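Values reported hereafter were calculated over all heavy atoms of this structure, with side chains retained and with hydrogens, waters and symmetry mates removed. Given the structure is predicted, the values throughout are model-derived calculations rather than measurements.
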Amino acid sequence: GHAEHDNQSYVPVEIIDEWRGRDPIERYEQTLIENKIATAEDFEEMQKRVRAEVDEATDEAERSPMPRGEEAARGLFAGDGYWDA
């Protein structure tokens with residue numbers, strides 16, 4: 001789907017299955033494993049580290065107070081961090 005709420009119910013199952021086998025990340029991982037550049041365990045460990053980092057960042061964000069409206073966009077854009085419309 002194109003968004004979290006998109007369950008892809010409008011796409012035929014055959015097409016989803018066909019494209020699932022073309023996942024570029026999975027194909028690249030498989031190439032690295034086949035060429036003995038990495039192992040499946042390397043990728044599992046990487047996934048664990050990434051999940052832990054995302055969980056930690058999510059927890060920190062949820063613990064943090066909401067920003068004031070005039071500061072909400074600070075740090076989102078290049079330059080001084082403010083968006084001048």
Side-chain angles (χ1 to χ4, degrees):
H2 293 98
E4 187 173 334
H5 67 275
D6 183 357
N7 67 6
Q8 301 176 340
S9 60
Y10 53 89
V11 180
V13 174
E14 301 80 24
I15 292 176
I16 292 173
D17 290 341
E18 176 186 348
W19 281 97
R20 187 170 284 128
R22 296 181 180 184
D23 183 309
I25 295 172
E26 289 180 11
R27 290 173 57 206
Y28 188 59
E29 285 180 5
Q30 191 59 42
T31 297
L32 293 173
I33 292 168
E34 288 170 1
N35 288 291
K36 299 187 184 329
I37 296 169
T39 66
E41 293 78 20
D42 292 333
F43 290 113
E44 290 171 15
E45 182 60 34
M46 192 181 313
Q47 286 292 330
K48 286 179 188 176
R49 287 193 321 262
V50 168
R51 280 190 190 99
E53 186 175 335
V54 169
D55 288 346
E56 184 179 325
T58 300
D59 291 345
E60 176 66 23
E62 289 175 347
R63 284 192 304 269
S64 299
M66 291 295 289
R68 296 188 349 234
E70 61 272 13
E71 295 177 348
R74 185 174 287 173
L76 295 178
F77 303 96
D80 63 6
Y82 289 97
W83 179 46
D84 298 320

Distance, nearest 0.5 Å, that separates CZ of R27 from CD of E34: 11.0 Å
Distance check, rounded to the nearest 0.5 Å: Q30 atom CD versus D23 atom CG? 12.0 Å
Hydrophobic cluster identity match, F43 and I25, side-chain contacts under 4.5 Å: no
Using the rule that two of Ile, Leu, Val, Met, Phe, Trp, Tyr join whenever any of their side-chain heavy atoms come within less than 4.5 Å, decide whether I37 and M46 are in one cluster. yes
Quick check: closest heavy atoms across A72 and P67, and the distance to 0.1 Å? CA-CG, 4.1 Å
Option passing side chain to side chain contact (heavy atoms under 4.5 Å, CB included) with S9 (candidates V13, V11, N7): N7
Those residues at least two apart in sequence (or on a different chain) that pass side chain to side chain contact (heavy atoms under 4.5 Å, CB included) with R20 are I16, D17
When you compare the side chains of D42 and T39, does any donor N or O come within less than 3.5 Å of an acceptor on the partner? yes
Is it the case that more than 12 heavy atoms not belonging to E18 sit under 6.0 Å from its CD atom? yes
Taking only residues two or more places apart in sequence or in another chain, which ones pass salt bridge (charged side-chain N to carboxylate O under 4.0 Å, His left out) with E56? none
